[in-house]
Amino acid sequence: MELAAKLAEDLRAKDLFLKDVKSAGVYLNFFVKYPDYSKKVLTSVKELGEGYGRPVIWEGKRIVVEYVSANPVHPLHIGSGRNAVLGDFIYRILKFSGAEVQRRYYVDDVGLQVAYLGYGYIKLGKPNPPAGMKPDHYYGLIYAATTTIIDILKLKKELDVKKSSGNNERVLELSRQIDELMSDLARIKEKIPEEIDALLNALSRVEDPESEVNELMRKYEAGDKDSEPVREVASKVVEGIRKTLESLGIEMDVWDWESDLIRSGMVDKVLREARESLHFTEHKGVPALQFEGLLKDPALRKKLRIPEGLDIPPLILVRKNGSTLYTTRDIAYTLKKFREFDADLVINVIAVEQTLPQAQLRLALHALGHAREAESLIHYKYEMVNLPGTSMSGRRGRYVTVDEVLEKMTTLVQELMKGKKSEAGDKALKIARSAFKYMMLSASPSKTLVFDLRKALDTNQLSGPYLQYTYARANSVLEKAGEVEWDTVDFSATSQGLRRRLIWLIGKFPSVMSKVASELHPEDLVHFLNEVADAFNAWYDKEPILKEGDRGVRALKLAITASVKTVLGTGMSVLGLDVLRRI
RNA sequence: GGGCCCGUGGCCUAGCCAGGAUUAAGGCACCGGCCUUCGGAGCCGGAGGUCCCGGGUUCAAAUCCCGGCGGGCCCGCCA
């Protein structure tokens with residue numbers, strides 16, 4: 001209690017827009033000189049404009065953000081959509097905060113998944129998509145069909161064996177699994193019936209398709225000519241993905257192909273480094289790194305942000321057939337990202353399910369002598385996006401694509417815009433994609449998202465457009481008003497009701513932004529902008545702005561409106577929502 | 001089995017890390033109002049809560065600690 005009184009005394013002595021400070025029990029009550037504070041806030045917004053609220057915490061840093069990086073085997077689904085939207089937010093907030101930022105997409109064309117697609121593609125005689133179907137959608141179906149058929153054939157083989165051996169329990173289980181896959185396949189077949197028949201026909205004549213896929217993968221990694229179609233089909237899928245990102249308003253600076261990385265010799269170099277490392281081992285007969293020694297050091301664990309209870313198995317570097325594994329290549333790729341951009345920090349936006357390999361990656365970097373890179377590699381995690389009832393699966397063709405969500409939302413927005421003073425063009429898309437991004441940004445990344453398309457398309461739940469609408473409303477008032485007469489603003493009229501609250505919120509914006517920038521939590525900014533929009537709309541309804549008779553008060557109201565517009569505009573553009581003067 | 005994450009009115013989401021002055025906040029859905037005035041994609045009012053459960057720490061717990069329960073994810077020569 002005495003401490004509070006003492007503090008009050010001290011604070012009173014300093015001049016921080018404070019009228020008075022009183023202690024009340026354990027609390028300190030601050031009384032702000034509202035006219036002075038308001039003047040400071042509003043003129044700051046006026047002078048700094050779009051720079052108002054710019055945090056300085058990343059000033060001068062060089063940062064690489066890797067995001068999306070979906071495998072080139074199917075279209076972007078809404079899980080990748082969450083990744084894309086979050087990654088883009090990170091790019092924007094870092095850039096706004098003064099960092100040099102580079103956006104990279106890692107095309108994993110060397111892995112097993114692309115080999116499956118390439119295999120099906122070759123078996124079908126390298127078909128082109130039918131007219132009107134995007135390549136990523138078409139080849140996504142081929143990919144799902146190929147993996148599903150191969151799995152069915154494999155299970156059937158086992159079923160035959162188990163039947164003759166009389167293992168009834170296993171027979172039932174296998175039959176059930178096969179039925180499930182058959183129904184997945186039937187669903188795919190509705191879209192590409194001819195291809196499915198051709199694939200079934202071709203694959204059922206192959207003795208062991210799985211090992212052929214593996215062989216194709218090995219050849220591709222080795223740069224064998226026979227495997228060229230793999231790159232070809234992956235490129236077509238990537239082109240489709242690029243289009244989807246474009247319609248989301250998301251661009252990349254660099255597209256890195258994993259196969260190029262291998263051809264550059266960087267992966268070989270990593271393998272040589274690994275063999276010389278103290279942590280090198282043979283695990284089950286193949287080269288690996290083991291981290292037991294490193295994990296015993298609590299200080300290092302902390303530096304590398306290895307979750308406390310996490311058990312880290314050895315990292316296998318090379319398969320028995322000589323091909324490398326994803327994380328092995330990712331070691332080389334991480335070094336490439338650091339070097340090519342001379343980066344202080346590399347942020348990987350990757351789903352939480354990859355926590356373990358990302359931790360292994362940091363440990364491996366450290367083990368190979370790249371301590372700085374290991375410590376400066378951030379895994380920005382986000383939780384999964386599931387569909388009501390099920391989870392998505394690329395291998396089975398069970399997913400909701402970003403394209404179809406955007407398309408449906410755009411149509412919906414167009415309906416709503418009918419009869420309004422809507423200008424044509426891509427405005428409906430801009431509103432729709434902002435609504436989509438808003439959904440992805442408003443929930444904490446640490447929460448699982450259940451994506452319900454019906455809810456996404458519910459007109460009344462389009463909260464992204466609410467911000468756009470409020471911005472357009474403020475803009476409209478200002479356009480009608482002409483210039484804000486800053487010299488005549490009456491700052492003494494700032495202390496009541498909603499004006500006071502609005503100025504308070506506007507003044508809070510810089511501290512909100514620096515918290516958001518340091519923690520990279522988009523949801524905090526989303527909620528703040530909602531507060532601003534709510535306060536502005538309530539105020540707008542209560543107090544006429546343009547019709548205000550008192551010149552000084554009118555100028556004040558316009559200054560507040562202009563500041564709200566600036567804050568909303570800056571906040572929305574950092575989130576990646578389209579800022580529209582009219583909607 | 002082990003590890004990590006999540007659990008807040010019917011549904012969704014803030015607040016939790018840095019415990020107090022928020023009477024637990026906002027949106028959807030629900031009920032009732034507001035278009036002769038600056039953009040009704042809006043505003044005002046109402047109803048609706050065991051902050052998953054149980055202990056503990058504290059003057060004070062949605063918030064911290066321990067133990068449960070429910071859901072998601074991981075524990076591959078997949079990524």
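Every chain is numbered from 1, with letters handed out A, B, ... down the list of sequences.
- Contact annotation: A/Arg319 does not reach the phosphate of B/G76 (side-chain N/O to OP1 or OP2, under 4.0 Å).
- Among the atoms of the strands shown, none is found under 4.0 Å from any heavy atom of A/Lys381.
- Side chain of A/Tyr540, nearest nucleotide from B/A79, B/G15, B/G40: B/G40.
- Residue A/Leu498 contributes atom CG, which lies 12 Å from atom P of B/C43 at whole-angstrom precision.
- Partner assigned to B/G42 is B/C34, using Watson-Crick or G-U wobble distances below 3.5 angstrom.
- A/Lys447 has a side-chain polar atom (N or O) that falls below the 4.0 Å cut-off from OP1 or OP2 of B/A14.
- Listed nucleotides: B/G39, B/C43, B/G3. Nearest to the side chain of A/Leu310: B/G3.
- Remark: A/Ser476 is in phosphate contact with B/G39, judged by side-chain N or O atoms under 4.0 Å from OP1 or OP2.
- Comparing B/A79, B/G39, B/C77 against the side chain of A/Tyr326 picks out B/A79 as the nearest.
- B/C35 has its base syn relative to the sugar, with a glycosidic angle deviating from 0 by at most 90°.
- For A/Gln113, the listed nucleotide lying nearest its side chain is B/C78; candidates were B/C43, B/G72, B/C78.
- For A/Leu315 and B/C74, the CG to P distance is 18 Å, given to the nearest whole Å.
- Between B/C59 and B/C74, the two C1' atoms lie 43 Å apart (nearest whole Å).
- Residue A/Ala538 is in sugar-phosphate contact alone, with no base atom involved, counting any heavy-atom pair closer than 4.0 Å across all strands shown.
- Using a 30° and 60° split on the angle between ring planes, A/Tyr333 and A/Tyr106 fall in the parallel class, below 30°.
- Within 4.0 Å of A/Gln354, counting heavy atoms only, lies at least one base atom of the nucleic acid.
- Ranking B/C11, B/A41, B/G72 by closeness to the A/Asn386 side chain, first place goes to B/G72.
- In this structure, the side chains of A/Pro75 and A/Val402 stay at 4.5 Å or more apart for every pair of heavy atoms.
- Atoms OG1 and CD1, from A/Thr401 and A/Ile241 in turn, are 11.5 Å apart once rounded to the nearest 0.5 Å.
- Position along RNA chain B of the nearest nucleotide to A/Met217 versus A/Pro465 favours A/Pro465 as the more 5'-ward residue.
- Annotation: cation-pi geometry satisfied between A/Arg395 and A/Tyr116 (NZ/CZ under 6.0 angstrom from ring centroid, within 45° of ring axis).
- Here the side chain of A/Asn83 pairs a donor or acceptor atom with the backbone of A/Val68 at under 3.5 angstrom.
- Here the nucleotide nearest the side chain of A/Asn71, chosen from B/A79, B/C74, B/G39, is B/A79.
- Look at the C1' atom in both B/A41 and B/C51: the space between them is 32 Å, to the nearest Å.
- Taking atom OH of residue A/Tyr438 and atom P of nucleotide B/C28, one finds them 10 Å apart after rounding to whole Å.
- With a cut-off of 3.5 Å on both Watson-Crick or G-U wobble distances, the partner of B/C64 is given as B/G56.
- A/Asp524 comes within contact range of the sugar-phosphate backbone alone, with a heavy-atom separation under 4.0 Å but no base atom that close.
- OP1 or OP2 of B/C78 has not a single side-chain nitrogen or oxygen of A/Arg329 nearer than 4.0 Å.
- Listed nucleotides B/A14, B/C44, B/C38 differ in distance to A/Glu523; the shortest reach to its side chain belongs to B/A14.
- Nucleic acid contact class of A/Lys515 (heavy atoms, under 4.0 Å, all strands): base.
- Atom pair A/Leu568:CG and B/G42:P shows a separation of 14 Å (rounding to whole Å applied).
- Taking the P atoms as reference points, B/C75 lies 32 Å from B/C17, given to the whole Å.
- One can place CD of A/Glu383 at 6 Å from C1' of B/C73, the figure rounded to the nearest angstrom.
- Here the separation of B/A79 from B/G15, taken at their C1' atoms, is 36 Å to the nearest Å.
- What separates CG of A/Leu356 from P of B/G76 is a distance of 8 Å, to the nearest Å.
- By the 30° and 60° cut-offs, the orientation of the rings of A/Tyr121 relative to A/Tyr139 is perpendicular.
- One atom, CZ of A/Arg82, and another, P of B/G72, lie 16 Å apart when rounded to the nearest Å.
- Around the CD atom of A/Glu292, the shell of radius 6.0 Å holds no more than 12 heavy atoms that belong to other residues, nucleotides or ligands.
- Taking atom C1' in both B/G54 and B/G7, the straight-line distance is 16 Å, to the nearest Å.
- Side-chain atoms of A/Met384 lie closest to B/C73 of the nucleotides B/G40, B/C44, B/C73.
- The side chain of A/Lys480 approaches B/G39 more closely than any other nucleotide in the set B/C43, B/G72, B/G39.
- Rounded to whole Å, the P atom of B/U37 lies 46 Å from the corresponding atom of B/G20.
- Between the CG atom of A/Asn348 and the P atom of B/A79 there is a distance of 16 Å, given to the nearest Å.
- Taking 4.5 Å as the limit, every side-chain heavy atom of A/His379 sits out of range of all side-chain heavy atoms of A/Leu361.
- Rounded to a whole angstrom, the distance from the P atom of B/A18 to that of B/C66 is 14 Å.
- Among the nucleotides B/A18, B/C43, B/C77, the one closest to the side chain of A/Glu519 is B/A18.
- Projected onto RNA chain B by closest heavy-atom contact, A/Glu543 and A/Thr355 fall at different nucleotides, the more 5' of which corresponds to A/Thr355.
- Atom P of B/U8 sits at a distance of 14 Å from the matching atom of B/G71, rounded to the whole Å.
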